[in-house]
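Hydrogens, waters and symmetry mates play no part in the numbers below; they use all other heavy atoms, side chains included.
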Amino acid sequence: VLLRGAVLGSEVWSGEMRKRGLRVFSFDILQGPSGDLLRRPVRARVNQLLRSGMCLGLLAGVPCTSFTRALRNPIRSSSHPAGIPGLSRSDQSKIDYGNLLLHNALSLFYLCRKHSVRFIWENPRTSFMWLHPRVQSIAKWPGIVDVHLDQCGFGSRWKKGTTLRCFNIATPERLERRCNRARGSRVCHFSGLPHIILEGRDPHGVHWTARAAAYPGELARVLADAFQDTALQNMLAWSAHYQPMRSSWLATKQRQASGQ
């Protein structure tokens, strides 16, 4: 069983997981109330899955709307990642909502650690989220590896630097692809074409940031491979742990059957 977190546009990834025969539970605010992790019944369902002992892993992304550096007037900073003091009521409400989403996600990651559930946590590489003290404390957990990638390395036309915080994921280094373009150049190292800058709208009137929300197909495939290999790793560990116990139990049963 594999649980998916609220990662906008990751249906491509979910499809890749289902191709590999893994069951995916999807929770996304775009689904409406049934996907809202801030609602108690939804969160209780997620907690139940994480505690079930049948959950392979979690792929989660916290909405970065208030954590982004792309705002014309940022409401967070490197020295105040939890929110700049003295904001307007409107901006403070955005901060409060973003912090609530973050703390909700953090509690999920702590639950994952308690029940040995692997996870990948995704957010833009420049997000102020990574500077939050509670987020930085998770970076010190045994089994945590941070992977930095550029999505153009997986077939997208935009660079979109991304960080994945991986907890006990098999060979996470496969996910690290960086665009080594020449200094001052906008030409992608992988495609040889200029990067699309994620500003404004595309020719169809859709915001480029919305276009870039979905994972490139190649990234979805490689993420699915990582979780599939993690599943195999879990099975091998289980076999190594329980096989000697099973052999001992069978030997005892055979002795009892022969009257010894």
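Qualifying salt bridge (Lys or Arg N to Asp or Glu O under 4.0 Å) partners for D96, counting only residues two or more places apart in sequence or in other chains: none. Here S90 pairs with nothing under the side chain to side chain donor-acceptor pair (under 3.5 Å) rule; sequence neighbours left out. For E176, there are no salt bridge (Lys or Arg N to Asp or Glu O under 4.0 Å) partners two or more places apart in sequence or in a different chain. Remark: Y110 engages W141 in a ring pair (Phe, Tyr, Trp, His ring centres under 6.0 Å) (not counting sequence neighbours). In terms of the side chain to side chain donor-acceptor pair (under 3.5 Å) criterion, S34 has no residue partners (sequence neighbours excluded). Checked against salt bridge (Lys or Arg N to Asp or Glu O under 4.0 Å), R181 has no partners two or more places apart in sequence or in another chain. Annotation: salt bridge (Lys or Arg N to Asp or Glu O under 4.0 Å) contacts of R174 (sequence neighbours excluded): D229. Partners of V187 according to the side-chain contact (heavy atoms from CB on, under 4.5 Å) rule, which considers only residues two or more places apart in sequence or in another chain, are S185.
Clustering of Ile, Leu, Val, Met, Phe, Trp and Tyr by side-chain heavy atoms under 4.5 Å joins I95 with L71, I75, I84, L87. Under the 4.5 angstrom side-chain criterion for Ile, Leu, Val, Met, Phe, Trp and Tyr, I197 has no cluster partners at all.
Annotation: ring-ring contact (aromatic ring centres under 6.0 Å, His included) contacts involving residues 120-139, sequence neighbours excluded, comprise H103-H132, F109-W121, W121-W130. Within the structure, side-chain hydrogen bond (donor to acceptor under 3.5 Å, both in side chains) contacts touching residues 144-159 (residues at least two apart or in different chains) are R125-D150, D146-R165, H148-T163, Q151-T162.
Side chains of S107 and R43: a donor on one and an acceptor on the other come within 3.5 Å.
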